[in-house]
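Data first, discussion second: the structure below is written as structure tokens.
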Amino acid sequence: MDLQVFNTPNAPRPNAFVPQAVIAGNLIFVSGTVGTDLSTGKLITGGYEAQVTQAFKNIKTILEDAGSSMDKVVKITVFMVTGEDPDFSVINKVYSTFFPKVTPARSAPQVMPFPGGILFSVECIAIVG
């Protein structure tokens with residue numbers, strides 16, 4: 001099976017060593033994505049909900065530019081800094097706007113603080129095509 005590294009200029013890239021995604025067959029594996037604003041290259045301001053929303057916008061852009069969509073996500077993992085959303089109310093509110101019909105399988109581990117003020121990261125697996 002051929003693997004294709006995928007990067008789009010329309011979404012922030014984690015760093016020079018990590019691709020935004022890898023396509024394997026008809027699946028796309030999107031790397032951990034945070035709430036970075038493409039226009040500034042900086043983490044979006046406004047706290048936890050703003051970071052969650054921007055991270056999902058970035059994932060959506062990567063998927064669409066790769067020929068997939070949010071409707072084709074089969075598995076998603078969200079990483080939340082411990083204590084930021086103890087009852088999952090914020091993540092569920094934002095999540096429902098990006099997955100209004102069928103929600104993919106989800107894992108949501110809470111993690112120690114990320115560097116640089118990052119409060120949230122998301123990765124996913126979706127069908128391409």
Side-chain angles (χ1 to χ4, degrees):
M1 173 185 311
D2 291 332
L3 299 179
Q4 174 191 350
V5 169
F6 181 83
N7 291 297
T8 176
N10 299 318
R13 188 165 172 193
N15 63 51
F17 302 103
V18 178
Q20 290 168 329
V22 173
I23 299 171
N26 71 334
L27 296 176
I28 182 168
F29 297 80
V30 180
S31 297
T33 303
V34 300
T36 302
D37 182 332
L38 179 62
S39 64
T40 65
K42 296 182 181 190
L43 191 62
I44 198 154
T45 59
Y48 182 75
E49 185 171 347
Q51 285 190 29
V52 171
T53 301
Q54 185 62 47
F56 275 105
K57 287 179 182 177
N58 292 341
I59 287 277
K60 182 177 187 283
T61 299
I62 294 166
L63 290 171
E64 289 175 352
D65 286 4
S68 187
S69 68
M70 296 299 272
D71 291 341
K72 295 181 179 181
V73 174
V74 295
K75 173 68 169 89
I76 197 157
T77 305
V78 297
F79 300 91
M80 306 176 296
V81 170
T82 302
E84 286 298 321
D85 192 8
D87 64 357
F88 290 72
S89 60
V90 174
I91 182 67
N92 288 337
K93 174 184 163 188
V94 175
Y95 198 79
S96 67
T97 65
F98 286 92
F99 300 104
K101 296 176 187 171
V102 177
T103 58
R106 179 175 88 177
S107 298
Q110 294 197 2
V111 297
M112 296 297 290
F114 291 104
I118 297 169
L119 302 172
F120 179 85
S121 179
V122 58
E123 64 184 30
C124 70
I125 303 167
I127 299 167
V128 177

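On a predicted model such as this, the values are computed, not experimentally measured, just so you know.
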Can you give the donor-acceptor pairs under 3.5 Å from side chains of residues 101-122 to other protein atoms, not counting sequence neighbours?
| from | atom 1 | to | atom 2 | distance (Å) |
| --- | --- | --- | --- | --- |
| Arg106 | NH1 | Asn92 | OD1 | 3.2 |
| Arg106 | NH2 | Asn92 | OD1 | 3.0 |
| Ser107 | OG | Lys75 | NZ | 2.8 |

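- In terms of modelled atom types and a separation under 3.5 Å, the side chain of Asn58 and the main chain of Thr36 share a donor-acceptor contact.
- For the pair Gly32 and Pro14, the tightest heavy-atom approach, listed with the atom from each and the gap, is O-CG, 3.8 Å.
- Between Pro100 and Thr97 the shortest heavy-atom distance is CD-O, 4.0 Å.
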Exercise for review: Run the numbers on Phe79 and Glu123 for side-chain contact (heavy atoms from CB on, under 4.5 Å), then give the verdict.
Suggested key: CA-CA 9 Å; Phe79 300 91; Glu123 64 184 30; 3.8 Å; yes

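- Cluster annotation: Phe88 and Val90 are assigned to the same hydrophobic cluster (Ile/Leu/Val/Met/Phe/Trp/Tyr, side-chain heavy-atom contacts under 4.5 Å, transitive).
- Taking every heavy atom of both residues into account, Arg13 and Val18 meet most closely at NE-O, 3.2 Å.
- Taken together through direct or relayed side-chain contacts under 4.5 Å among Ile, Leu, Val, Met, Phe, Trp and Tyr, Val22 and Leu27 form parts of separate hydrophobic clusters.
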Review point. Are Tyr48 and Val94 close enough, and set up right, to give a side-chain contact (heavy atoms from CB on, under 4.5 Å), and what steps lead you there?
Key: CA-CA 11 Å; Tyr48 182 75; Val94 175; over 6 Å; no

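- Asn10 meets the side-chain contact (heavy atoms from CB on, under 4.5 Å) test with Thr8, Thr61, Asp65; sequence neighbours excluded.
- Of the possible donor and acceptor atoms, none in the side chain of Gln20 sits under 3.5 Å from a partner among the backbone N and O of Val30.
- Side-chain N or O atoms of Thr53 include none that pairs as donor or acceptor with a backbone N or O of Ala50 at under 3.5 Å.
- The heavy-atom pair separating Ile62 from Phe6 by the smallest distance is O-CE2, 3.7 Å.
- Contacts of Lys93 classified as side-chain contact (heavy atoms from CB on, under 4.5 Å), with partners at least two apart in sequence or in another chain: Glu49.
- Residues Val128 and Ala66 share a closest heavy-atom pair of CG1-O, 3.5 Å.
- Under the side chain to side chain contact (heavy atoms under 4.5 Å, CB included) test applied with Val73, the options Leu63, Ile59, Ile125, Ile127 reduce to a single match, Leu63.
- Residues Asp87 and Ser89 have side chains that bring a donor and an acceptor to within less than 3.5 angstrom of each other.
- The heavy-atom pair separating Phe99 from Met70 by the smallest distance is CE2-O, 3.3 Å.
- Hydrophobic clustering of Ile, Leu, Val, Met, Phe, Trp and Tyr side chains at less than 4.5 Å, counting indirect connections, unites Val78 with Phe98.
- Remark: side-chain polar atoms of Thr33 are paired, donor with acceptor, to backbone N or O of Ser31 under 3.5 angstrom.
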